[in-house]
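Note sheet for the following structure.
Residue numbers begin at 1 in each chain, while the letters A, B, ... track the order of the sequences. Excluded from the calculations below are hydrogen atoms, water molecules and symmetry mates; all remaining heavy atoms, backbone and side chain alike, are included.
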Amino acid sequence: MTIGVLALQGNFREHAAMLRQLGADVVEVRLPEQLDGLDGLVIPGGESTAIARLMRLYGLEEPVRRFEQPIFGTCAGMILLDRAHLGLADLEVDRNAYGRQLASFEADLELAGDDEPLRGVFIRAPRVADVGPDVEVLAEHAGQPVLLRAGRILVASFHPELTADTRVHERFLELVGEELHVRA
Amino acid sequence: MSYPAVGYQGATLNPMSETGTMRVKSGLAEMLKGGVIMDVVNAEQAKVAEDAGAVAVMALERVPADIRRDGGVSRMSDPAMIEQIQETVSIPVMAKCRIGHFAEAQILQALEVDYIDESEVLTPADIAHHVDKWAFTIPFVCGATNLGEALRRIAEGAAMIRTKGEAGTGDVVNAVTHMRAVFGGIRRLGSLRGEELYAEAKELRAPYELVRWVAENGRLPVVTFTAGGIATPADASLCMQLGADGVFVGSGIFKSGDPALRAKAIVEATTHYADAEILARVSAGLGEPMVGISTSTLEPSELLETRGW
């Protein structure tokens, strides 16, 4: 399968490396035509204001809205997928809700359906303030949802690509595999 | 379903959560990659930078070109000015302390800046020692002119490196020299045999463990940006093609004829650094670049890049 990683700005290289490690072919996406033929898309962490501006400037907003395959957004990527931006995930997200870098942290998370804790790295992280009825919470930290699935959209307020643990990316690729199967 | 905001209380909220780890410190730099960090001297410029797509701003009282022109002792910025910029923009705000001036760094941490730049652009406070950066929760970025210097800063706890270049000149030549020294040095380490790395660590005046890590991984363990003399979209592309993770632009933007236009163009050039057609388009009609000073005309005593030990 071929996964695109939005490479306008941010931590796209680590996502690409992790996806390749799991056997996926990876394409860096900077222009709309690079979305053609992809089986899934990752919108990485970075500065959401900078990424949003470059998406608008290079005509990527509409093509990403029309993209029908699974999308995985981390941190800034989660913000861009919410109701106020691309509107692809039924979520309301508060930017920098935990505070400045001084409050950035890492913590063990409980992953739904898995006994092994998952180390979550939260960098000036956004917070999910409200979720729609069809959104499934896959992990929480201190009562706050931090990993969620809304249909074919997977979002995390932390950075699984900053650790060596590939489980969240594996779940995303499973989602991609299911969609491929449905379409086949 | 709505979730009420929970005031984050650091490690007390959850005994398993930790702030200020190396992963958390270097993690912010990872998020800045592929982006442009701009020097700004007031809230108005900070807004221009944010609107242009900067990933962070560096709050300082005078851009390096003015520090160079004015002379005298250059120090940490007024906290009131830093706070004003923090209130104006939502992107990370960085600020500079003098080399070795850990009290200035403590003040910047109390102000909750997002990154501290222990910078040779300010007048050094210590001619032998840099700040012990492990002692801080806020991450540091430090300048380097070669691989050994970069590794010494990382050993002291720097979570991000920027090659120095020669700040405040608008001349990119020293930035190129320093990138070639750092990235070329990394490639060279990869060609050495195991036992040769011990002698190489002595040559580099850097810890053996770090030298071996770089030899095995083919990169520095932290994000590496380029700074010093970047004035055009083409300069940004050159740095990215030579291996930089992103760029700092100091005087190059706000000392040019049309800062907003130039700032946007440099942001686009940093993303599309390998696409010459886009580079040609964004380079057109930007107005006057900063006038600049050729670094070859500077006296050794005027060079900022030699500060740092």
task: Below 4.5 Å from any heavy atom of chain A, which atoms of B:A56 appear? Answer side chain, backbone, both or neither.
output: neither
Closest heavy-atom pair and its distance - A:S104, B:V24: CB-CG1, 3.4 Å
- request: For the pair B:I138 and A:R100, evaluate side chain to side chain contact (heavy atoms under 4.5 Å, CB included) and give the outcome as yes or no after the intermediate values.
  value: CA-CA 10 Å; B:I138 296 291; A:R100 302 183 196 280; over 6 Å; no
Flag if over 12 foreign heavy atoms under 6.0 Å of CZ, B:F102: no
field: Nearest non-hydrogen partners of A:N11 and B:K33, listed with the distance
entry: OD1-NZ, 2.9 Å
- request: To the nearest 0.5 Å, tell me how far A:Q9 CD sits from B:L32 CG.
  value: 7.0 Å
query: Does the distance from a Lys or Arg side-chain N to an Asp or Glu carboxylate O, for B:D245 and A:R13, drop under 4.0 Å?
result: yes
message: Looking at B:E216, I'd like to know if its CD atom is crowded, meaning that more than 12 non-hydrogen atoms belonging to other residues, nucleotides or ligands lie closer than 6.0 Å.
response: yes
task: Using the side chain to side chain contact (heavy atoms under 4.5 Å, CB included) rule, take B:R23 and A:R119 through it: C-alpha gap first, then chi angles, then the decisive distance, then the call.
output: CA-CA 11 Å; B:R23 190 149 60 184; A:R119 196 69 176 165; 3.3 Å; yes
- prompt: Does A:E110 CD have over 12 foreign heavy atoms under 6.0 Å away?
  reply: no
field: Most chain B-contacting option - heavy-atom pairs closer than 4.5 Å, from A:R30, A:E92, A:E161
entry: A:R30
query: Do other residues, nucleotides or ligands put more than 12 heavy atoms under 6.0 Å from B:Q241 CD?
result: yes
message: Are more than 12 heavy atoms, taken from residues, nucleotides or ligands other than B:E44, located less than 6.0 Å from that residue's CD atom?
response: no
field: Residue part contacting chain A, namely of B:D275, when any heavy atom lies under 4.5 Å
entry: side chain
field: Option that, when pairs with chain B are counted at under 4.5 Å, heavy atom only, ranks first among A:H159, A:E106, A:R95
entry: A:E106
field: Heavy-atom contact with chain A under 4.5 Å, split by part of B:S90
entry: both
- request: Walk me through it: do B:M31 and A:T74 pass the test side chain to side chain contact (heavy atoms under 4.5 Å, CB included)?
  value: CA-CA 11 Å; B:M31 298 314 136; A:T74 54; over 6 Å; no
- prompt: Hey, which residues of residues 44-66 of chain A are touching chain B, say heavy atoms under 4.5 Å apart?
  reply: A:G45, A:G46, A:E47, A:T49, A:A50, A:R53, A:L54, A:L57, A:Y58
task: Give the intermediate values and the outcome of side chain to side chain contact (heavy atoms under 4.5 Å, CB included) for residues B:H272 and A:L31.
output: CA-CA 9 Å; B:H272 296 284; A:L31 297 168; 3.9 Å; yes
statement: Heavy-atom closest pair (A:Q101 atom, B:K25 atom, distance to 0.1 Å) is NE2-CA, 4.0 Å
- line: When rounded to the nearest 0.5 Å, the distance separating CG of A:L102 from CD of B:E112 is 5.0 Å
Heavy-atom contact with chain B under 4.5 Å, split by part of A:V121: side chain
message: Only pairs of heavy atoms separated by less than 4.5 Å count here; which of B:S26, B:A54, B:P92 has the most with chain A?
response: B:P92
